[in-house]
Participant: 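Let me give you the structure first, and then I'll get to my questions.
Labels below follow one simple rule: chain letters A, B, ... track the order of the sequence lines, proteins then strands, and each chain is numbered from 1.
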Amino acid sequence: MKISQFHLATQKEVPNDAEIVSHQLMIRSGMIRKLTSGIYTWTPLGLRVLRKVEQVVREEMDKAGCLELLMPAIQPSELWQETDRWDAFGPLLLKITDRAGREFAFGPTHEEVITDFARAELRSYKQLPICFYQIQTKFRDEIRPRFGVMRAREFLMKDGYSFHMDEASLDSFYQVMFDAYTAIFERLGLLFKAVEADSGNIGGATSHEFHVLADSGEDQLAHVPDTQYAANVERAEGVAIGELDPPQRDLEVVDTPNAKTIDDLVEQFDQPIEKTVKTLVVEAHPDADHELIALLVRGDHELNEVKAEKRPEVASPLTFASDEKIKQATGAHPGSLGPVNLPIPMVVDRQVALMSDFSAGANVDGQHHFGINWGRDVALPAVADLRKVVAGDPAPDGSGEIELIRGIEVGHIFQLGDKYSQAMNAVVMDENGKAMHPLMGCYGIGVSRIVAAAIEQNHDDRGIIWPAPMAPFQVVLLPLNGHKSHRVRETAEDWYQTLTEAGVEVLLDDRNQRPGVMFADAELLGIPHSVVLSDRGLDQGECEYQPRGQARVVMPLEDAKAHLLSLIEH
RNA sequence: CGGGGCGUAGCGCAGCCUGGUAGCGCAACUGCUUUGGGAGCAGUAGGUCGCAGGUUCAAAUCCUGCCGCCCCGACCA
């Protein structure tokens with residue numbers, strides 16, 4: 001491609017709404033343009049990258065034995081009513097009405113449509129297992145779209161759905177998908193990590209997320225380097241450390257008029273923070289006999305809200321109780337709560353259950369208990385894993401110490417079981433002629449998000465540094481002063497022809513631009529290989545070759561050309 | 001949805017408090033010069049000042065309502 005024939009639309013300045021580096025670089029390089037909140041046009045440049053990602057995903061899915069189809073983006077409300085998700089999916093679902101007043105949704109996901117397809121198409125166990133997938137535009141009316149295509153409302157997703165006769169088949173196919181995803185992210189040249197995940201509201205038991213690692217990632221991941229253990233912190237199991245020591249101290253009530261937080265307690269009364277307990281009060285589940293429930297974690301630990309919400313006695317979504325409600329129920333304000341004489345039910349974190357001689361609020365404003373011991377001073381209530389793991393915690397599988405890193409979720413695989421086949425009555429005949437609901441798996445990849453995540457992981461202060469498999473072009477030719485020098489221009493043209501015919505994706509900067517502009521654009525675009533052709537170099541039979549992100553080296557012309565040609569031989 | 005902020009040229013912003021000719025930088029266009037790190041000079045073009053109503057002789061500016069966008073939180077590929 002010659003730039004003169006292309007639509008190159010780089011810019012120096014960024015709109016003030018572009019917060020993160022990938023969004024800024026996508027705007028500056030001219031890959032995307034915003035139409036309205038959370039909705040973007042992919043320019044010819046950006047689309048080249050998007051298509052690269054899409055094609056890698058497609059090839060690996062095909063290789064894994066999946067079959068591509070294309071389902072409608074617009075889906076009738078009736079299907080969603082069958083699974084009760086028309087209302088349950090909430091405001092994320094974009095609803096539209098046709099001229100006859102019939103209701104539709106712009107698909108945020110396609111479980112309903114694929115299950116409807118399956119119940120019409122699949123009749124016999126002989127057709128299973130089978131996996132269908134599509135690469136489709138989805139729409140989720142996100143409460144707050146942000147970060148460009150990283151969290152857009154309209155986005156491109158690969159979603160796949162498999163159907164199985166039994167658990168064993170689902171399990172083994174799940175592994176096939178796990179391996180396919182691994183292959184996809186390896187081929188794309190991204191640093192990534194597969195982690196155990198919470199399955200969220202899509203349902204199902206086993207679930208893994210695939211994360212592109214980047215410091216700016218929104219998700220925290222717990223892992224033990226060089227081992228199998230990796231989990232999203234939302235899900236990472238907290239292991240209690242140590243043993244329960246016998247009481248050493250007596251229970252005492254201490255006046256603590258100025259201690260409203262754990263930090264106050266630690267500072268003013270010289271309590272080790274590991275000997276303090278935080279009491280958090282949340283709304284109880286509507287079916288419970290109390291209105292509120294207390295959750296206790298060690299002073300220096302944080303409540304894991306996802307874990308807490310999963311407790312049957314806790315309301316979902318997790319809602320912290322108001323100060324008034326707490327005061328009404330306990331007689332004290334939130335800063336003075338503790339387990340002894342607490343009139344509402346509690347659940348304590350595993351670590352808290354192993355604490356002795358600890359301090360906590362006395363459920364009287366301005367007073368704390370010191371020297372609390374379970375059993376002696378208060379019965380040990382229900383124990384659960386409630387806390388967020390921290391760096392240095394032992395991994396639950398005993399593999400070592402947990403380290404926390406950040407990632408961007410780009411893929412998620414689930415075992416759905418028969419949730420949808422049951423709800424929508426999709427059945428196939430088994431060997432005995434008996435109807436059964438096939439088990440399903442569901443496998444998503446955020447195709448457009450991968451593009452942003454890749455930039456987030458691979459850039460410098462000059463621009464993008466594409467992993468070669470995602471780059472819009474492999475080579476950029478920079479003929480300096482090509483408009484003045486026939487020799488430079490013709491050499492560039494010649495290389496352009498040769499490389500293009502050989503199948504290398506070449507961008508030729510044939511604009512009459514000053515060198516600085518050409519260099520800056522080439523770096524901003526992140527093209528993996530650049531070659532500078534100039535009169536000065538040609539005099540010596542040389543050019544300058546630069547892999548993006550590395551130093552520029554002078555090379556004989558023929559060596560450089562041979563090197564570029566070798567790029568396609570793999 | 002709750003809390004905060006902003007809508008003035010394609011982009012970034014000033015002007016608004018204290019009403020009276022709409023401005024700057026970048027980008028664009030023309031010409032000349034320049035050509036190894038986002039050039040210089042000269043010139044040109046581009047605006048229903050988010051929308052509607054109100055106050056006023058007069059509104060980008062003051063008042064009311066609406067719309068849009070952005071930031072912080074819950075949600076997610």
Side-chain angles (χ1 to χ4, degrees), chain A residues 9-20 23-24 27-28 30 33-39 53 57 89-93 107-110 135-160 181 197-202 209-212 218-219 232 234 305-306 309 316-320 407-414 442-453 462-463 478-485 488 511-524 530 532-537 543-544 546 552:
Chain A
T10 56
Q11 52 192 52
K12 276 192 267 191
E13 294 183 69
V14 287
N16 68 352
D17 58 9
E19 256 209 307
I20 61 168
H23 187 192
Q24 292 170 354
I27 298 284
R28 285 194 52 210
R33 295 292 184 230
K34 182 165 80 174
L35 180 61
T36 183
S37 178
I39 301 182
V53 176
V57 170
F89 215 86
L92 232 49
L93 194 60
T109 178
H110 282 69
I135 296 174
Q136 240 291 25
T137 297
K138 310 276 189 186
F139 194 98
R140 293 186 189 171
D141 198 358
E142 291 283 345
I143 295 159
R144 192 150 90 78
R146 57 185 136 175
F147 305 149
V149 298
M150 185 78 88
R151 183 189 292 261
R153 293 197 291 176
E154 186 181 295
F155 58 101
L156 191 66
M157 180 175 172
K158 186 285 297 177
D159 51 327
Y181 274 41
D198 185 72
S199 51
N201 59 9
I202 299 192
E209 290 168 352
F210 286 76
H211 287 261
V212 167
E218 285 193 277
D219 282 309
N232 193 311
E234 287 177 352
E305 301 192 8
V306 175
E309 193 174 297
S316 174
L318 188 79
T319 314
F320 284 95
I408 299 162
E409 185 186 354
V410 289
H412 202 159
I413 58 178
F414 305 82
C442 157
Y443 317 97
I445 287 186
V447 176
S448 44
R449 180 181 280 183
I450 285 175
V451 176
R462 295 180 169 185
L478 307 174
L480 301 193
N481 296 315
H483 282 252
K484 280 252 174 85
S485 165
V488 168
R511 299 174 295 177
N512 181 14
Q513 281 289 2
R514 299 164 63 86
V517 175
M518 295 167 75
F519 295 149
D521 275 345
E523 284 163 332
L524 176 59
S530 67
V532 177
L533 297 166
S534 65
D535 271 319
R536 207 168 76 189
C543 64
E544 292 158 68
Q546 184 176 33
R552 200 176 278 164

Participant: Please confirm whether any donor atom in the side chain of A:Asp521 sits under 3.5 Å from an acceptor in the base of B:G38, or the reverse.
Facilitator: yes
Participant: Between atom CG in A:Asn16 and atom C1' in B:C70, what is the gap in whole Å?
Facilitator: 7 Å
Participant: If you go through the side-chain atoms of A:Arg514, does one of them form a donor-acceptor pair with the base of B:G40 closer than 3.5 Å?
Facilitator: no
Participant: May A:Phe519 be described as stacking on the base of B:G38, applying a 5.5 Å centroid limit and a 30° limit on plane angle?
Facilitator: no
Participant: Checking base pairs now: Watson-Crick or wobble, both atom distances under 3.5 Å. What partners B:C29?
Facilitator: B:G43
Participant: Measure the shortest side-chain to side-chain distance between A:Pro479 and A:Met518 over non-hydrogen atoms and say whether it is less than 4.5 angstrom.
Facilitator: yes
Participant: Which residue lies toward the 5' end of RNA chain B, A:Arg153 or A:Gln513, if each is placed at its nearest nucleotide?
Facilitator: A:Gln513
Participant: Taking atom types as they are modelled, would you say the side chain of A:Arg151 forms a donor-acceptor pair with the base of B:C75 within the 3.5 Å cutoff?
Facilitator: yes
Participant: Does any nucleotide pair with B:C17 by Watson-Crick or G-U wobble geometry, both distances under 3.5 Å, and what is it?
Facilitator: none
Participant: Closer than 4.0 Å, any side-chain N/O of A:Ser37 to the OP1 or OP2 of B:G68?
Facilitator: no
Participant: Under a 3.5 Å cut-off for both distances, is B:C24 Watson-Crick or wobble paired, and to whom?
Facilitator: B:G12
Participant: Where the side chain of A:Met157 is concerned, which of B:C70, B:A77, B:G36 is the nearest nucleotide?
Facilitator: B:A77
Participant: Using purine N1 to pyrimidine N3 plus N6-O4 or O6-N4 for Watson-Crick, or N1-O2 and O6-N3 for G-U wobble, both under 3.5 Å, which nucleotide pairs with B:G68?
Facilitator: B:C6
Participant: For A:Arg462 and A:Glu209, find the nucleotide of RNA chain B closest to each by heavy atoms; which residue's nucleotide sits nearer the 5' end?
Facilitator: A:Arg462
Participant: Which base sits across from B:A60 as a Watson-Crick or G-U pair, both distances under 3.5 Å?
Facilitator: none
